[in-house]
Amino acid sequence: MSQRFYITTPIYYVNDKPHIGHTYTTVLADVIARHRRMLGQDVYFLTGTDEHGQKIEKTAAARGMTPKALADEVMPNFQNLWQRMEITHDYFVRTTDAAHKAVIQERFRQLAATSDIYKATYKGLYSVSDEAYVTETQAKEMQAQGLAHQLVELEEESYFFRLSSYENWLIQLYEQYPEFVQPDFRLNEVKQFVSPGGELGHLQDLSISRTSISWGIPVPGDDRHVVYVWFDALLNYLSACREGFWPPTVQLVGKDILRFHAIYWPAFLMAMFREAGDDLAGPLPVRIREQLPHTILAHGWWLMGDDKMSKSKGNVVRPEELLRFGNDAVRFFFMREMQVGLDRSFSFEGFMDRLNADLANGLGNLASRTLSMLQRYRAGVVPTAAVLDALDQEVLEAGRTVVPAYLAKAEANDFQGALDLLWTYLRHLDGYIVKAEPWKLAKDPGSQDRLDTVLCQLYRALRATAILVAPVMPGLAQQLWAGLGLAGQVADQRFQTFQYEAPAPAPVQEPSPLFQRIDKESIMQEDAIPAPAAPAVVDEAPLDLPPVKDLIEYDTFALMDLRVGQVLTAERVPKSKKLIKMTVDMGLETRTILGGIGTAYAPEELVNRKVVVVANLAPRPLMGTMSHGMLLAASDNNSKPYLVSPPEDAKPGFVVR
Ligand code: MSP
């Protein structure tokens with residue numbers, strides 16, 4: 001029987017559409033799932049949406065709709081995106097599914113019957129953004145980060161999960177089974193949390209019901225309470241598991257939700273799987289360990305600059321913006337750039353550079369050169385390598401080792417390392433072509449054997465690349481596979497039976513470009529025009545208001561001449577994302593004014609608009625144009641500028657005083 005492999009992604013909140021952070025997690029899971037299938041394993045891949053809880057309730061209320069209607073509206077954004085990105089999940093779970101609800105209630109009852117769940121009164125500080133009670137240390141941290149407004153003092157009757165009883169077993173889990181959390185430095189973080197001297201100190205029992213929220217699964221037999229969203233959400237992995245696949249092999253999470261997955265989740269499972277005779281103060285039974293997830297794999301964040309990409313910060317990149325360059329390109333970029341576990345800054349320019357370097361040049365170039373040489377010199381028929389000189393021998397050795405080395409990295413879920421290694425090999429082959437000079441060999445009747453060798457080696461390298469990268473770039477790999485004259489689907493190949501040196505079964509085809517080079521310059525120009533802002537389905541970001549400046553006398557204020565103006569024309573300043581050049585009717589005259597409002601307004605939105613202008617500001621040059629005056633706009637330290645508008649019936653030239 002083939003090995004079972006159960007892989008999960010977190011289930012995504014439905015209060016917003018997916019951004020590239022969510023997309024990354026799902027793509028990584030898909031790459032692992034596809035890779036495992038090509039190892040012949042029997043894979044079950046689960047993803048879905050997390051549809052209960054306060055965040056959804058609040059977002060829905062703000063939009064004047066029911067939470068279920070919101071979930072129904074947002075959920076398809078995930079499903080459609082996953083389809084577009086060729087994600088091969090076997091099941092998509094929603095926490096509002098009846099089957100899921102039934103499991104939550106059944107497990108709640110089970111744990112209440114064993115006293116792992118009990119009812120009491122809880123008083124403490126609650127973080128609204130995390131939907132969790134926080135410890136004193138965490139509360140202090142949040143205050144220090146200026147997040148005090150997210151903390152509220154709550155006192156409520158609650159059901160508790162006896163987390164404290166599982167501390168002993170949890171510590172043994174981390175000590176004896178370090179593969180439980182990967183990468184290892186993330187395991188250390190978890191150990192830190194639960195060690196008695198650590199951030200959480202001894203584990204406290206966990207409140208797992210709410211009376212303050214109504215959008216959730218009712219506690220069986222006490223429907224004033226709904227089940228806490230994390231008890232509800234984490235159990236999706238159980239409720240939506242397919243028969244025969246338990247326990248999970250790899251569970252992907254972002255580092256922000258590692259705590260829930262590495263502490264609460266195994267503790268819930270320990271409580272569910274323990275038997276009457278098990279001693280919670282004794283050794284962790286192997287039988288229990290075997291029912292727990294094998295590995296929680298925690299990845300880092302995509303950042304914008306130094307900030308986490310998140311909708312509340314308004315700095316998210318949507319996958320649609322990248323998918324114009326193709327699904328394979330986006331998947332490759334994620335895997336090639338992000339070392340699992342660490343954070344990485346996203347830049348659009350870096351994205352294009354990577355694709356041009358590795359796909360248009362790199363692999364694309366090597367493939368088209370190889371196929372055209374095979375066509376030109378050998379009518380498409382792949383020769384065998386018969387005579388090898390030292391250079392050929394070196395390339396052959398490198399080729400023989402690259403496949404197992406790649407597979408070993410991939411097995412450890414290190415696709416960044418695996419791809420790095422493979423692309424180093426591809427670069428090596430570019431050097432091989434330069435040194436071997438096949439175009440000269442072609443002209444020399446005495447060098448035909450060597451030419452055979454060079455062509456054969458290039459072919460082998462491309463064939464190995466096609467199979468190795470098939471989980472990462474399914475479309476591109478298939479195109480390369482077919483171009484090499486290989487039949488069937490590359491995804492149906494098995495890594496174990498792949499032979500690097502096997503003879504070519506059929507002639508190769510004419511080359512067709514694998515990846516169209518991106519014209520970065522023109523894209524950057526075009527990119528200076530921001531897409532219309534997506535309708536905001538967002539929680540309000542906390543305001544970041546600067547303190548009021550020092551006092552000034554009235555006379556100082558009176559020096560300023562503020563006037564009503566009306567924008568006559570507006571256009572973007574070339575090569576600038578921010579600046580818009582406007583002509584403004586000021587009543588007495590028409591002025592040219594440059595405003596840094598291009599990320600917030602499109603030029604056509606500005607024409608005819610009435611604005612307030614600082615009329616007596618000394619003119620100054622901006623990007624080669626004199627700007628005579630300044631428009632007033634309102635914002636906090638983070639938000640976009642909102643133009644200050646005078647009343648509609650105010651005339652151009654009116655004095656604002
Ligand atoms: N609903 C919970 C998960 C419950 S799992 C039982 C949740 N949802 S989420 O939609 O907010 O986030 C889902 C995943 O996306 C998390 O793993 C999170 O780390 C990941 N990402 C969100 N923003 C991210 C980045 N900027 N970068 C990378 N991943 C990030 O949490």
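Note that the structure is predicted; figures quoted are calculated from it, not measured. Start at 1 and go down the list; that is how both ligands and their atoms are numbered.
The contact set between ligand 1 and Gly300, taken as ligand atoms under 4.0 Å from a residue heavy atom, comprises 28 (C). If you number the atoms of ligand 1 from 1 as listed, the ones under 4.0 Å from a heavy atom of Gly254 come out as 17 (O), 19 (O). The atoms of ligand 1 that sit less than 4.0 Å from any heavy atom of His261 are 5 (S), 6 (C). Close contacts between ligand 1 and Ala233 involve ligand atoms 6 (C) [criterion: under 4.0 Å to a heavy atom]. In summary, the atoms of ligand 1 found under 4.0 Å from a heavy atom of Asp50, numbered by their order in the structure, are 1 (N), 2 (C), 4 (C). Less than 4.0 angstrom separates some heavy atom of His299 from each of these atoms of ligand 1: 28 (C), 29 (N).
Taking the centre of each ring, Tyr237 and Trp265 come in below the 6.0 Å mark. Ring centers of Tyr228 and Phe161: at least 6.0 Å apart, outside the cut-off. Separation of the Phe333 and Trp302 ring centroids falls under the 6.0 Å cut-off. Residues Trp423 and Phe332 place their aromatic rings such that the two centres sit under 6.0 Å apart. In this structure, Phe334 has its ring center no closer than 6.0 Å to that of His299.
Here the protein heavy atom with the shortest distance to atom 23 (N) of ligand 1 is His19 CE1, 3.3 Å. Remark: minimum distance from atom 12 (O) of ligand 1 to any protein heavy atom is reached at His22 CD2, 3.9 Å. The nearest heavy-atom contact from the protein to atom 3 (C) of ligand 1 is Ile11 O, 3.2 Å. Among protein heavy atoms, the minimum distance from atom 19 (O) of ligand 1 is reached at Asp256 OD1, 2.5 Å.
Not counting sequence neighbours, the partners of Arg354 by the salt bridge (Lys or Arg N to Asp or Glu O under 4.0 Å) test are Glu337, Asp358. For Ala233, the side chain to side chain contact (heavy atoms under 4.5 Å, CB included) partners at least two apart in sequence or on another chain are Ile11, Asp50.
Side-chain N or O atoms of Arg224 include none that pairs as donor or acceptor with a backbone N or O of Arg210 at under 3.5 Å. Between the Arg162 side chain and the Ser115 main chain, a donor and an acceptor come within less than 3.5 Å of each other. Asp343 contributes no side-chain N or O that, together with a main-chain N or O of Gly300, makes up a donor-acceptor pair within less than 3.5 Å.
With distances taken over non-hydrogen atoms, the option nearest atom 16 (C) of ligand 1 out of Ile257, Val229, Thr26 is Ile257. For the residues Tyr264, Tyr24, Tyr237, Tyr12, the heavy atom positioned nearest atom 5 (S) of ligand 1 is part of Tyr237. Counting only non-hydrogen atoms, the option in Thr8, Thr49, Thr25, Asp16 that gets closest to atom 20 (C) of ligand 1 is Thr25.
Annotation: Pro10 places no N or O atom under 3.5 Å from an N or O atom of ligand 1; distance criterion only. Residue-to-ligand polar distances place Trp302 within reach of ligand 1: an N/O pair is separated by less than 3.5 Å. The shortest N or O to N or O distance between Met309 and ligand 1 is below 3.5 Å.
For the pair Arg274 and Asp116, the salt-bridge criterion is met [side-chain N within less than 4.0 Å of a carboxylate O].
Within the 4.0 Å heavy-atom shell around ligand 1 one finds Trp230. Residue contact check for ligand 1: Tyr13 places a non-hydrogen atom closer than 4.0 Å to it. Contact between Phe260 and ligand 1 is absent, with no heavy atom of the residue lying under 4.0 Å from the ligand.
Atom NZ of Lys409 has 12 or fewer neighbouring heavy atoms from other residues, nucleotides or ligands inside a 6.0 Å radius.
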